[in-house]
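A short write-up of the structure that comes next.
FYI, the numbering just counts along the sequence from 1. Whatever order the structure lists them in is the order used to number ligands and atoms, beginning at 1. Here the structure is a predicted model, which means the values were calculated and not measured.
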Amino acid sequence: MKKNAAVIQTDIEKGTINKNIYGQFAEHLGRGIYEGIWVGKDSKIPHVNGVRKDVLEALKRLQIPVLRWPGGCFADEYHWANGVGDRKSMLNTHWGGTIESNKFGTHEFMMLCDMLECEPYICGNVGSGTVQEMSEWVEYMTFEGGTPMSDWRKQNGREDPWKLTYFGVGNENWGCGGNMHPEYYADLYRRFQTYVRNYSGNEIYKIAGGANVDDFKWTEVLMSKAANLMDGLSLHYYTIPGDFWKGKGSATEFTEDEWFITMKKADYMDELIRKHSTIMDRYDPDERVGLIIDEWGTWFDPEPGTNPGFLYQQNTIRDALVAASHFHIFHKHCSRVQMANIAQAVNVLQAMILTDGENMLLTPTYHVFEMFKVHQDASLLATDVTAAEYEWKGERMPQINISASKNKKGAINITICNIDHQNKADAEIKLRGLENINESSGVILHAEHMNAHNTFDKPDSIKPEAFDRFTIEDCRLKVKLPPMSIVLITVGA
Ligand code: AHR
């Protein structure tokens, strides 16, 4: 039987873990924006210029590098001009058929990014929009002044242009973004992106709408026809234990079988990245074009009693392990994966935060993002792992997954997941290249039961705790991980 062991080469750096891998996504969907983030200036819920204070403070602690908005499917029916100046409402056909007030628009989104000190990633409308509409939005946001759009921005209260860093040319254009064939979208991408211009010193990183899961043909066509005109190409993959249409499975009331299959399906992200990257390598051997995984995470059945179009789901230690394992995969592919945006920040799918009126709770996934922020922009260290087997009903997968990085001060952060729902994992990790270790500390996120989650009555059932079940002798780290746990060990040289 294999044992859990790893060798971390502390002096071999394999590249930088782009902090944008820790990006977020907030769509006009259910209570994601309204109530979740935006309560408006007349709300009794404490807020800063309409952004709810508790959520803002919690999100700030995550050091979010980049925030994607306004969709998702919503992006390809969003007409930005209705969301500035005098607002015009619209029907949100994708998500519950609600009336969208457009009270949260470009100005509010940019203000939110300023408050969070993160970069904006705006997704434009190709599906139901025009080239003119897209080009005017970019002019509105980034042109200094003296043009119809930039003057309109000033009239609406914003004198200076904003810095717009990332722009997506449509979303899921193979589906909700227009049901296009890849060849057709590739031509549209070439045309639309031409008018996404750099004004007033602003430089836009252009992201083409990419493949759904294993649609390798989409990646092939986009890369062969438009790679030279893009900076990034997206990929969407959700971890769904059941069947997308017939029943995805409950977020909290799940079986051991569902636990195992969720871990398997989360691990599939690795294979997907490898296969899409192999295609990208053929057209872009220098890895200039980033693979942008701008939608990922768990997708379960909505919570009973909630609007099914709002995609509101609870979040357990299972979600935490899916998130942590995904980060380890993204790190491994850090030369190609330049950004990832979990779906979604608040109240939607695998959320960081859930709200109920004026109450708020942090999910286990939130805690993973907080623990893992030490990896942002750090150097990935070469790591060889041999994992014991996690076996369930004759199927197997590695019991642990690991990632290690070195920050600018030389501290080494090692994160380890034990995805096994039943068995503890003992691991021995050699820290090769270190002469002596002066200090070390540990943090753990785990739960006694696989269905454990935080509720509004008990918001702190799952939260990080100090961890000391490890020893370091002669640069050998021995660590004891309980079942279903995520550990961060920091070693100062
Ligand atoms: O994140 C929810 C939805 O999932 C997005 O709007 C869409 O792009 C994807 O299908």
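At a threshold of 4.0 Å, the pair Glu183-Lys217 counts as salt-bridged, since one of the basic side-chain nitrogens sits closer than that to a carboxylate oxygen. Salt bridge status for Glu295 with Arg68: present, with a side-chain N to carboxylate O gap under 4.0 Å. By the 4.0 Å N-to-carboxylate-O rule, Glu119 lies close enough to Lys163 to be salt-bridged with it. Salt-bridge check for Arg52 with Asp54: passed, with a basic side-chain N closer than 4.0 Å to an acidic carboxylate O.
Polar contact check, Leu349 against ligand 1: no nitrogen or oxygen pair lies under 3.5 Å apart.
Protein heavy atom at the shortest distance from atom 1 (O) of ligand 1 is Tyr238 OH, 2.7 Å. Among all non-hydrogen protein atoms, the one lying nearest atom 10 (O) of ligand 1 is Glu172 OE1, 2.7 Å.
Remark: Arg191 CZ is loosely packed, at most 12 non-hydrogen atoms of other residues, nucleotides or ligands lying under 6.0 Å away.
When each atom of ligand 1 is checked for a heavy atom of Trp299 under 4.0 Å away, the hits are 4 (O). Listed by number with element, the atoms of ligand 1 under 4.0 Å from a non-hydrogen atom of Glu295 are 1 (O), 3 (C), 4 (O), 5 (C), 7 (C), 8 (O), 9 (C). Against a heavy-atom cut-off of under 4.0 Å, Gly72 is close to the following atoms of ligand 1: 5 (C), 6 (O), 8 (O). The distance from ligand 1 to the heavy atoms of Gln344 drops below 4.0 Å at these ligand atoms: 1 (O), 2 (C). Using a 4.0 Å cut-off to heavy atoms of Phe25, the atoms of ligand 1 that qualify are 1 (O).
Counting heavy atoms under 4.0 Å from ligand 1, residue Asn171 touches it through the side chain alone. Residue-level proximity to ligand 1 for Phe74 is absent, since no heavy atom of it falls below 4.0 angstrom.
With hydrogens and angles left out, the side-chain atoms of Asn173 and Tyr189 include no donor and acceptor closer than 3.5 Å.
Within the 4.0 Å heavy-atom shell around ligand 1 one finds Trp95.
Using a 30° and 60° split on the angle between ring planes, Trp80 and Trp152 fall in the tilted class, from 30° to 60°.
Cation-pi geometry between Lys332 and Phe330 is not met: the NZ or CZ atom fails to fall both under 6.0 Å from the ring centre and inside 45° of the normal.
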